[in-house]
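What follows is a set of notes on a single structure, which appears directly below.
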Amino acid sequence: MSEGTKEPDGGEEKVVLKTHDGQEFTVDMATANQSGTLKNLLSEVGSSSNNPQVIPLPSSITSRVLGKVVEYCQRHAAGGGRRGGMQALEQFDEELVELDKDMLLDVTYAAAFLDVPRLLDLTSQAVADAIKNMSVEEVRHYFGVVSDFTEEEEKVIRSECPWAFE
Amino acid sequence: MNSTVGTSGWSRLPHDLLRLVAEKLVRISDYIRFRSVCKSWRSAATPANLRPQPPLLMLPYHPFTHARSFFSLSTGKVHALSLAESYGKIVLNSAHGWLVTLDITTGALCLLNPITGVQIDLPPTADFYRLRAAHVSPDLRNYEVTDHKGRRDKLGFNMSFVVYPWEVFLPTKPGSTGNEEGCLVFISILHSRDVIYCTPGDKEWTTLEDVLAARAWSMAHREGRLYVLDGHRNLYMFDMAAAPSRPPAPLLTVTVPLGLAPLFSLACTTNRELLLVVCNPRCAHGDEPHEDDDDDDDGELFQAFRVDVRGDSPEWSKVESVGERAVFWTERQCWVVDVGDFHGCREDCVYLWGARGGRRGGVHRIEAFRRDGSGSEVLLEWERSPSDAMRPLWITTNLG
């Protein structure tokens, strides 16, 4: 099914994304097709404006998280040809991932689950930017990761490249 | 936001997503720290997935110290590194993230990854010509030399090339366990027309006798073929893929039909082009950039020729631009590197190190020259010191 296909009655095809917490997001096909997962699914089941397909999402994708993903997909479905071209789009991307670490994690999960590669790229870049220049302890503290290295292993790791830990 | 979701979530992030994040880390120091957070993060950031790193210049050093300093183009700073493994050793060459070190007391050769500290011993060098009458002095300040009449003299470590007149080439990448990718180490000895090589792990060196017309000057490796340029500007091609079952004889020998400036070298680019690069440092006067222009018409600092080896005679075509690459050059090295991703590195530029001034005083200088001749920039300048025994070298960093 191609993007933006008009139905005989003139209404654009829509699809409803339903989060676990009960919220519904109605989006057009061009937006939905930004997601590889939805695109595959919809190519099989189809959808229409009168009787839009309702797709339930897993509990990890809350309405707040889905809101972000939908925002991204809508903007990118419109592409760089609108609202200030590629430069504006890049700025939009940059601002979209200015998120706290928990939200960043959840959007990363959602982008992976829904297969939105460029959004996943953005969020993983945001994580990489956040942790660069941090010490190992700072990274662990920031993300609440507990080291599962033994004391011995930790010692060996630190002795390999001691300068990286200074 | 419920913070408990995140706190448990980040250590349980799937392997693929962790790997995506790791691949976004630009600097090796960030990558190493990422690998040190926990086991799952470590397994996601494998040594092989580290992004290519911009070259660092290892600054002049004294062999009997632990400290080595490196100038980073991306930070514009000098970083000191304590390298216990390099004490008493000089670095003969560097490539693919590895240093070829020579222990100037024992004459032993070794490959050393300065980042991981991994060392690979190379076969014994007892057969190689060296200045037998020279020994490191007990106070570790220089060589003591006894001449044929029994007179004693001193020789600075900067004259190590007299004691050990060896050049080492590392045209292929070693793996941390030795011979993963068919790594070959080549050595060229003063006045010798032999090609001597080994694979790390070999018990001894293999010698191809008298295969060159003059001492090997530069080497490059591409798709199983070894290209050697000798001091008489002859180019040879060897099929190393057939070794060791069949000792390689040159498949091709031609004299380079080009007037070569003082510095010339073979280089293999990341997309496997074979280039002959030529540099005339006399055209690189940082102090008076315009003075020589009138009387120096052919004074191009840098030229590159693509070598197309098909059939019996290679074709040479001048390369107008090296594109998104830069050339990194010291006396023994010439790297053509994609710098598109490297912060602080400029494209189509030649990075040169040079020493200026007399025996007393003077400066070292790292300069970047635009290849189109539109200018140069001094990146770092520092005073020469008597302890600067050894010449600088470009090094790259990787984890294996």
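Within every chain, numbering begins at 1; the chains are lettered A, B, ... in the order of the sequence lines, protein sequences first and strands thereafter.
At least one donor-acceptor pair closer than 3.5 Å links the side chain of Arg140(A) to the backbone N or O of Val37(B). Judged by distance alone, with hydrogens and angles left aside, the side-chain atoms of Asp148(A) form a donor-acceptor pair with the main-chain N or O of Lys39(B) at under 3.5 Å.
Listed here is the closest heavy atom pair of Asn133(A) and Asp30(B): N-OD1, 2.9 Å. Pairing each heavy atom of Cys38(B) with each of Val145(A), the nearest pair is SG-CG1, 3.7 Å.
The contact between Leu20(B) and chain A is made by backbone and side chain atoms together, counting heavy-atom distances below 4.5 Å. The contact between Phe34(B) and chain A is made entirely by side chain atoms (from C-beta outward), counting heavy-atom distances below 4.5 Å. With a threshold of 4.5 angstrom between heavy atoms, Ser60(A) does not approach chain B through any atom at all. For Glu153(A), the part sitting under 4.5 Å from any heavy atom of chain B is the side chain, from C-beta outward, and nothing else. Within the 4.5 angstrom heavy-atom criterion, atoms from both the backbone and the side chain of Ser36(B) approach chain A. Looking at Val139(A), the atoms closer than 4.5 Å to chain B (heavy atoms on both sides) all sit in the side chain, from C-beta outward.
Counting heavy-atom neighbours within 6.0 Å of Arg68(B) CZ, excluding the residue itself, gives a total above 12. In this structure, His141(A) places its NE2 atom where only 12 or fewer heavy-atom neighbours from other residues, nucleotides or ligands lie under 6.0 Å away. Taking a 6.0 Å sphere around CD of Glu152(A), one finds it holds 12 or fewer heavy atoms contributed by other residues, nucleotides or ligands.
Most heavy-atom pairs under 4.5 Å with chain B: of the set Lys132(A), Arg158(A), Gln125(A), this distinction falls to Gln125(A). In terms of non-hydrogen atom pairs under 4.5 Å with chain A, the most contact-rich of Glu23(B), Arg35(B), His79(B), Arg42(B) is Arg42(B). No other option in Ala112(A), Ser124(A), Ala126(A) has as many heavy-atom pairs under 4.5 Å with chain B as Ser124(A).
A salt bridge does not link Asp129(A) with Lys24(B): every distance from a Lys NZ or Arg NE/NH1/NH2 to an Asp or Glu carboxylate oxygen is 4.0 Å or more.
For the atom pair CD1 of Ile32(B) and CD1 of Ile157(A), the computed distance is 11.5 Å after rounding to the nearest 0.5 Å.
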